[in-house]
Amino acid sequence: MTLLHLENVAAHYDQFQALRDISLSVAAGETLAVVGSNGAGKSTLMKVICGALPASAGRVRLNGQDIAGQPAHRLTAQGIAMVPEGRRLFRSLTVEDNLRIGAYAGRKGPWTLERIYQLFPELVKRRDNRGLDLSGGEQQMVAIGRALMSNPQMLLMDEISLGLAPIVVNQIYRALPDIAAEGMGLLIVEQDINRSLSVAARFCCLMEGRVNLTGPCADTDRKALMDAYFGVSA
Amino acid sequence: MIVLSTLVSGVLLGGFYALLGLGLSLTFGIMRTVNLAHGDLVVLASFLALAVTQMLGLSPLVSLIVLVPVMFGLGYALQGLVLNRVLKDGMMPAVIITFGLAFVIQNGLLMGFSADRMVLRQGTLETAGVTLLPGLTVGVLPLITLGAVLALMAGLQLLFRYTLIGRAFRATSDDPQIAALMGIDPKHVYALAMGLACAIIAVTGVLMGMRSNFSAFDGPIRLIFAFEVIIIGGMGSLNGVLVGGMILGLSQVIGGALNPSWFQLTGHLATLAVLIVRPSGLFPETIDRS
């Protein structure tokens, strides 16, 4: 069943058009990897889906309902959550309060403080620390846990491996199948293609604000993907 | 004994200043904008208390039952209907609006209540005193004020630390965009914060209106004292407000004891000294957004 569906979506920053004619869909329990070079529009796409930036054209549907134009705080209540690039924990809150505030929208579901601590046991001893006292990897775990606490249907993850040691990235990526197993749709944006293709079922490659290649991750033609990534016309 | 009574009266005066700084600190801490109409809102609250006491025959302290919700609603509406509209344009438009609002309040009060100086009367409470030691008598009203400040500060601490909406306040102060991703409506949080600040301003207006007389144009000087309190204490820091108020009150009273004409001067000098030595105040709590 299609959970999230984008239809001919466009987005602008003032005069600059950052997204053109984007169509894609994510099913419940499915993981979609969005890849593309710097400035391809990956983060803009995330902003449009989570409501931080209104789409200037097209439709964004969640469970068939058009959600385009709704502000971010409403969309969270309807089941869209995001792990923002750079983690952006609340500095004046403790780890546990950061997690608790994730549940602000009050959606019921499988994710509770206990479940988050099971998923990332290293956070237990850090629960009373302020967010910025943590290592980058621990901060990322809090950011993911904070998003999960809203019990989303659709979880967006923006560059979760950025600036982290490979061993920590491995650990975080090992948690993703557990998260997807709850039937949640996952949309993962990464610069590191190999990472995201390793956990996703399908990918979607952006170039200058357009989708220029999509396909299943399992038997991707690497050459075609590289060409799409770097914009080499076939 | 003179030294002791000077110190005690400085601390008690500091209670008034801390109360004055509390509302300003709250709005700065959460919205990161300065409310230049703060002093005028305090004076407005004093006048509203006067109107309520005259119309309903209540005493000033009892009039707070009416005044606190009214001022809360006024603050919520000010932020929700006016200031929230200019949020996306940065801090300056909101500051300029409150600057204009200050003039609107001053002239509105002038038209409504004349230019006479007024005072709130609560029986004989204003002049009542308790003798703590032989030769050391302190006023009941300053004691009530100090108690009110401590109670309000404790209440705010509990709110911020242990309640969901309190965490939403702090989260929004840290990063409004990410707070919105948590399902928090930053505009609603800002309006609640302004409402809360104005509810505190209601208490401030009543207690200050009982302490000394007031007129329509007293807002700016109250704003200056409130500013000095939060500059000394640290912008946006709640605990800093108490310390800031005490330092301002003590420095004024000590200066006044040395030479009566130094009363205000020493308060300003203390503020300047803190600005030079610790520009971000004694308890800088507001963390820069980056």
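Predicted, not measured: the structure shown is a model, and the values here were computed from it.
Nearest approach of B/Arg161 to A/Asp97, heavy atoms of both residues: O-OD2, 4.3 Å. The two atoms that bring B/Met182 and A/Thr76 nearest to each other are C-CG2, 3.6 Å, heavy atoms only.
No side-chain heavy atom of A/His73 sits under 4.5 Å from any side-chain heavy atom of B/His188. Residues A/Arg146 and B/Ile178 meet the side-chain proximity criterion, which asks for heavy atoms closer than 4.5 Å.
For A/Gln70, the CD atom sits in a packed shell: over 12 heavy atoms of surrounding residues, nucleotides or ligands are nearer than 6.0 Å. Annotation: B/Phe99, atom CZ; neighbour count of heavy atoms from other residues, nucleotides and ligands within 6.0 Å does not exceed 12.
Note that CG of B/Leu164 is 9.5 Å distant from CZ of A/Arg100, once rounded to the nearest 0.5 Å. A distance of 8.0 Å separates CD in B/Gln177 from NZ in A/Lys47, rounded to the nearest 0.5 Å. Summarising the geometry, atom CD1 belonging to A/Ile101 is positioned 12.5 Å from atom CG belonging to B/Leu181; distances are rounded to the nearest 0.5 Å.
Salt bridge B/Asp174/A/Arg91: absent, no basic N to carboxylate O contact under 4.0 Å.
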